[in-house]
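The structure under discussion appears below in the form of structure tokens.
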Amino acid sequence: MRPPAGPAVSARLTLAETPQAGVVLDEGRAVFLVGGVLVGVEPGAQAWTRRGTWDDTLVRGPGNTVLGTDGSTLRLLDARTGDIVSMLEFPEPHFDDTDAPEWIPPHIQSGVEVGGVFWLVDQEARFWVVDTAAGTVSVRFQLPDEAVDESRLLYDAASDTFVFEEWGQVRRLTLTGETRWTAFSHDALGLDGSVVLPGSEVFTLVDDERTVLTDACTGDFAPSHWPHPGELYSKEDDEVPGMGRGAPGCVGSRAYDEYVDAVPPLVLGTSIVINSDATRRIDGGSVTWTTEVGGIGTPVAGPDGSVLVASGGLDDFDPWTVVSLDAATGAPRWATPVGTGSSPFLVSADEVLLAATGDHLLFGYSTELVWVPLQR
């Protein structure tokens, strides 16, 4: 049985190209990097554009601001107008020694706000601290012998540490650069979707296993049971042969799930909600409910005790749909078609955008953006 009809789409917008990066802000606003141009959008309209050279990473700033970089400068922009609020230069070191290493301008890969300042990681594994209020930029530390690409930097306020995910590994770092532990995948591309849970536990998808890592973790380890039964593999494919699975008590829970979307899950208190072959709520490693709605990507929390899911269609040849589920039971509450045609048969989950922003739900795929009003 199909759920009842949900709120009707209130606005649509088609971008010139598929965005390279984006940040969703309040009141249904967002900023995207489209073909090398920053584009500010509001429900149903393109508000402004700003040309220039931009790294493929945007970080949300305080209020309705966005931080963008171009390898030599940092620019804080007003997301409503595109105006530059402030601009800072990356300090280039000066070496007296002619044998000193060549200066490589930073290209930011990821970032997070911590206590009103921004921490940014570049391709050389340098951790920059940016205080826009004081107008200062400095390198706090650098990870040795590292090259960084497609990373995610998370901050765990409970332990005052970072969780840093990139290229087949996730690690816990102090704010001085000390590595507490590093979890590796046997498949170099087999680690995604890390999030911080209450109690400073870390949920991550490693080698197709839903894994929770605890404070008992230390050193270097590979927590999964790779290779899994029935999988074809060769020993040469193992990126970390012979590595142990972690200290006693390090792995809080583990479950093999070859269909789970390789994106961060929705965190609801101590629970998570993921899209696998169905949408599932998981508490303490056990599945609380399962609902088949064709969910794709990361679900989001609705304003009324709901879980909102982007669906590739409730049946074959259905358009993209947003489905509201009861967070406690998984029962469908309503469904709103948002696509103009049939959903793609194959889709990468990390290309699907879904964000609850004030009184709006913003859905995006490829060049299409759709706004749906949220009921409180």
Side-chain angles (χ1 to χ4, degrees), residues 152 154 156 163 165 168-172 181-218 220-233 237-240 243-301 307 309-311 325-331 348-350 352:
R152 294 180 60 244
L154 310 171
D156 176 20
V163 173
E165 173 192 294
Q169 61 183 285
V170 60
R171 71 187 84 183
R172 188 181 290 280
W181 53 258
T182 305
F184 292 85
S185 61
H186 291 279
D187 178 349
L189 301 180
L191 195 148
D192 290 285
S194 301
V195 292
V196 178
L197 302 177
S200 295
E201 293 184 326
V202 176
F203 171 88
T204 192
L205 302 170
V206 54
D207 295 326
D208 294 325
E209 293 182 4
R210 306 191 308 262
T211 304
V212 173
L213 304 174
T214 74
D215 267 348
C217 296
T218 58
D220 297 342
F221 57 95
S224 80
H225 283 106
W226 185 93
H228 302 110
E231 286 186 336
L232 294 176
Y233 77 101
D237 295 333
D238 191 349
E239 296 291 329
V240 284
M243 184 171 285
R245 291 181 182 153
C250 171
V251 179
S253 64
R254 176 197 289 117
Y256 176 54
D257 188 345
E258 63 178 316
Y259 300 110
V260 66
D261 286 352
V263 294
L266 166 65
V267 179
L268 292 176
T270 58
S271 307
I272 62 169
V273 180
I274 63 170
N275 284 315
S276 181
D277 53 340
T279 302
R280 306 182 190 279
R281 176 167 176 160
I282 300 169
D283 294 87
S286 299
V287 177
T288 303
W289 52 255
T290 300
T291 306
E292 297 185 6
V293 293
I296 297 174
T298 297
V300 300
V307 171
V309 182
S311 165
L325 306 176
D326 186 281
T329 66
S348 174
D350 60 5
V352 178

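Under the 3.5 Å distance criterion, the side-chain polar atoms of W289 are matched with a main-chain donor or acceptor of A327. Within the 3.5 Å criterion, the main-chain N or O of V293 finds a donor-acceptor partner in the side chain of S311. In terms of modelled atom types and a separation under 3.5 Å, the side chain of D283 and the main chain of S286 share no donor-acceptor contact. With hydrogens and angles disregarded, no donor-acceptor distance shorter than 3.5 Å links the side chain of E165 to the backbone of R171. Formation of a donor-acceptor pair under 3.5 Å by the T214 side chain with backbone atoms of C250 is found in this model. Of the possible donor and acceptor atoms, none in the side chain of D208 sits under 3.5 Å from a partner among the backbone N and O of Y259. Of the possible polar contacts, none joining the T204 side chain to the V206 backbone as a donor-acceptor pair under 3.5 Å is found. Judged by distance alone, the side chain of S271 and the main-chain N or O of G269 form no donor-acceptor pair under 3.5 Å. Counting only distance, with no hydrogens or angles, the side chain of S224 and the backbone of W226 share a donor-acceptor pair below 3.5 Å.
S185 and D187 share no donor-acceptor pair across their side chains, judged by distance under 3.5 Å alone.
Between T290 and T279, the closest side-chain pair of non-hydrogen atoms is not below 4.5 Å. In this structure, T211 and V251 have side chains that are in contact, with non-hydrogen atoms separated by less than 4.5 Å. Considering only heavy atoms from C-beta on, P264 comes within 4.5 Å of R152 through its side chain. Within the 4.5 Å cutoff, the side chain of P265 has no heavy atoms near those of the V273 side chain.
Closest approach of Y256 to H228, counting heavy atoms only: CE1-ND1, 3.2 Å. In this structure, F221 and M243 approach most closely via the heavy-atom pair C-SD, 3.4 Å. The minimum heavy-atom distance linking A183 with P223 is given by the pair CB-CD, 4.1 Å.
Among the candidates V170, D220, D215, the single residue satisfying the side-chain contact (heavy atoms from CB on, under 4.5 Å) test with W181 is V170.
Under 4.0 Å is where a charged nitrogen must lie from a carboxylate oxygen, and between R172 and D156 at least one such pair does.
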Inset, instruction - Please lay out, stage by stage, how L268 and V307 fare under the test side chain to side chain contact (heavy atoms under 4.5 Å, CB included). - result: CA-CA 10 Å; L268 292 176; V307 171; 3.9 Å; yes

Inset, instruction - Could you walk me through whether V352 and D261 pass the side chain to side chain contact (heavy atoms under 4.5 Å, CB included) test, one step at a time? - result: CA-CA 11 Å; V352 178; D261 286 352; over 6 Å; no

Legend entry - Intermediate values then yes/no, side chain to side chain contact (heavy atoms under 4.5 Å, CB included), V260 and L205: CA-CA 8 Å; V260 66; L205 302 170; 3.8 Å; yes

Inset, instruction - Walk me through it: do H186 and D207 pass the test side chain to side chain donor-acceptor pair (under 3.5 Å)? - result: CA-CA 7 Å; H186 291 279; D207 295 326; 4.8 Å; no

Legend entry - side chain to side chain contact (heavy atoms under 4.5 Å, CB included) assessment of V202 paired with V195: CA-CA 6 Å; V202 176; V195 292; over 6 Å; no

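Here the CZ atom belonging to R210 is positioned 8.0 Å from the OG atom belonging to S253, to the nearest 0.5 angstrom.
Counting heavy-atom neighbours within 6.0 Å of E258 CD, excluding the residue itself, gives a total above 12.
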